[in-house]
2 protein chains.
Amino acid sequence: MAVSSGPQTGKGSAEAMCPYRLVLEHVTSRWGVLVLIHLLERPHRFSELRRAVGRMGRPVSEKMLAQTLQTLERDGMVLRDAQPVIPPRVDYSLTALGREAAEQVRTLALWTERRMAEVDSARRAYDEART
Amino acid sequence: MAVSSGPQTGKGSAEAMCPYRLVLEHVTSRWGVLVLIHLLERPHRFSELRRAVGRMGRPVSEKMLAQTLQTLERDGMVLRDAQPVIPPRVDYSLTALGREAAEQVRTLALWTERRMAEVDSARRAYDEART
DNA sequence: CTGTATCCGAGCAGATACTG
DNA sequence: CAGTATCTGCTCGGATACAG
């Protein structure tokens with residue numbers, strides 16, 4: 001929606017809805033999904049995550065990655081560990097809550113992948129029907 | 001996060017990504033989620049669906065509802081039954097594929113609802129930490 | 001390296017009016 | 001009732017420059 005792309009990290013246009021829908025939009029957002037799935041595998045540093053996410057899907061801007069991580073951290077899904085060293089080093093990992101969310105999102109993503117052939121054939125049928 | 005807005009029902013800005021991500025965005029889009037959940041309960045007519053969706057979340061415009069339904073129909077999730085009567089009557093229901101998707105989305109929505117208290121407390125902690 | 005601040009374009013999404 | 005067409009504002013999200 002808009003799963004625009006989805007709702008976003010900010011509060012944006014979603015002032016008046018069930019509060020949990022907001023969380024749902026956070027975890028299912030364009031970058032939220034990818035971040036959660038990658039962190040489910042193992043903790044990542046900022047740039048590492050940026051590269052990993054870029055490998056599937058398209059490249060993430062620093063801005064959007066930071067925004068996504070902040071939102072997920074605020075929602076209690078992601079843990080941020082900033083080590084006071086130079087150069088800066090920050091590791092991101094999942095909380096227990098985040099792991100539960102990530103597993104569900106991954107399940108849904110895998111289901112979508114498995115069913116892709118059916119979706120494609122449905123699309124061809126639909127498109128052909130109006131030619 | 002992108003948590004941003006939901007991706008949406010159209011194709012929009014998502015030209016260059018794994019194809020299944022597109023389907024994921026359709027079913028998790030702002031209106032896609034609500035439509036699927038309501039249709040899981042029983043088939044609905046257009047206006048009926050419009051009212052039902054409006055009761056939770058905010059009102060849907062006719063345009064967005066039609067767009068969402070068309071996208072989900074094209075993806076093979078929703079069945080459209082237009083009866084040639086006057087006044088027009090159109091019923092929407094889920095296909096087998098759509099039912100699977102709807103169940104997963106509902107599961108995720110229910111999980112989010114159950115965990116809302118934890119999310120809220122995480123948010124308060126986060127917000128207070130930077131005061 | 002890990003971000004933050006600002007600017008700006010693209011297109012999502014609502015309102016409205018109209019058609020079958 | 002069930003949509004389509006059009007107009008428009010708003011916000012998302014990328015690019016860039018800069019800071020700690």
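Residue numbers begin at 1 in each chain, while the letters A, B, ... track the order of the sequences.
Proximity of A/Leu69 to A/Arg80: side-chain heavy atoms (C-beta onward) are nowhere separated by under 4.5 Å. Here the side chains of A/Leu65 and A/Glu62 are not in contact, with every heavy-atom distance at 4.5 Å or above.
Rounded to an integer number of Å, the gap from CG of B/Asp91 to C1' of D/dG3 is 15 Å. Going from atom CD of B/Gln67 over to atom C1' of C/dC12 covers 8 Å, rounded to whole Å. What separates NE2 of A/His44 from P of C/dC1 is a distance of 16 Å, to the nearest Å. Rounded to whole Å, atom C1' of D/dT11 lies 15 Å from atom CG of A/Leu22. In this structure, the CD atom of A/Glu48 is 12 Å from the P atom of C/dC1, given to the nearest Å. Atom pair A/Met64:CE and C/dT4:C1' shows a separation of 14 Å (rounding to whole Å applied). Look at CD on A/Glu25: it is 13 Å from C1' on D/dC12, rounded to the nearest Å. Across the protein-nucleic acid pair, B/Arg50 atom CZ and D/dT4 atom C1' stand 14 Å apart, rounded to whole Å.
Taking the side chain of A/Phe46 as heavy atoms from C-beta on, and the options C/dC1, D/dC1, C/dG3, the nearest nucleotide is C/dG3. Checked against C/dT4, C/dT2, D/dG14, the side chain of A/Trp31 finds its nearest nucleotide in D/dG14. When the nucleotides D/dT4, C/dG3, C/dC1 are ranked by their closest atom to the side chain of A/Tyr92, C/dG3 comes out on top. Closest approach to the B/Ser61 side chain among C/dT2, D/dT4, C/dG14 is made by C/dG14 (side chain taken as heavy atoms from C-beta onward). If you check C/dA13, D/dG14, D/dG3 against the side chain of A/Arg30, the one that comes closest is D/dG14. Nearest nucleotide to the B/Lys63 side chain, out of C/dG14, D/dG3, C/dG3: C/dG14. Relative to the side chain of A/Glu62, the nucleotides C/dC1, D/dG3, C/dG3 differ in distance, and C/dG3 lies closest. Across C/dC1, C/dG14, D/dA2, the shortest atom-to-atom separation from the side chain of B/Val90 is found for D/dA2. With D/dA2, C/dG3, D/dG20 as the choices, the nucleotide that has an atom nearest any side-chain atom of A/Pro88 turns out to be D/dG20.
Under the 30°/60° scheme for interplanar angles, the aromatic rings of B/Tyr92 and B/Phe46 are found to be tilted.
Taking only side-chain nitrogens and oxygens, A/Arg45 comes nearer than 4.0 Å to OP1 or OP2 of C/dT2.
When atom types are taken as modelled, the side chain of A/Thr112 and the backbone of B/Tyr20 share no donor-acceptor pair closer than 3.5 angstrom.
At a threshold of 4.0 angstrom between heavy atoms, the contacts of B/Gln70 are confined to the sugar-phosphate backbone, with no base atom among them. Using a 4.0 Å heavy-atom distance criterion, B/Arg80 is classed as a sugar-phosphate-only contact.
For B/Arg114 and A/Glu100, the salt-bridge test fails: no basic side-chain N is under 4.0 Å from an acidic carboxylate O.
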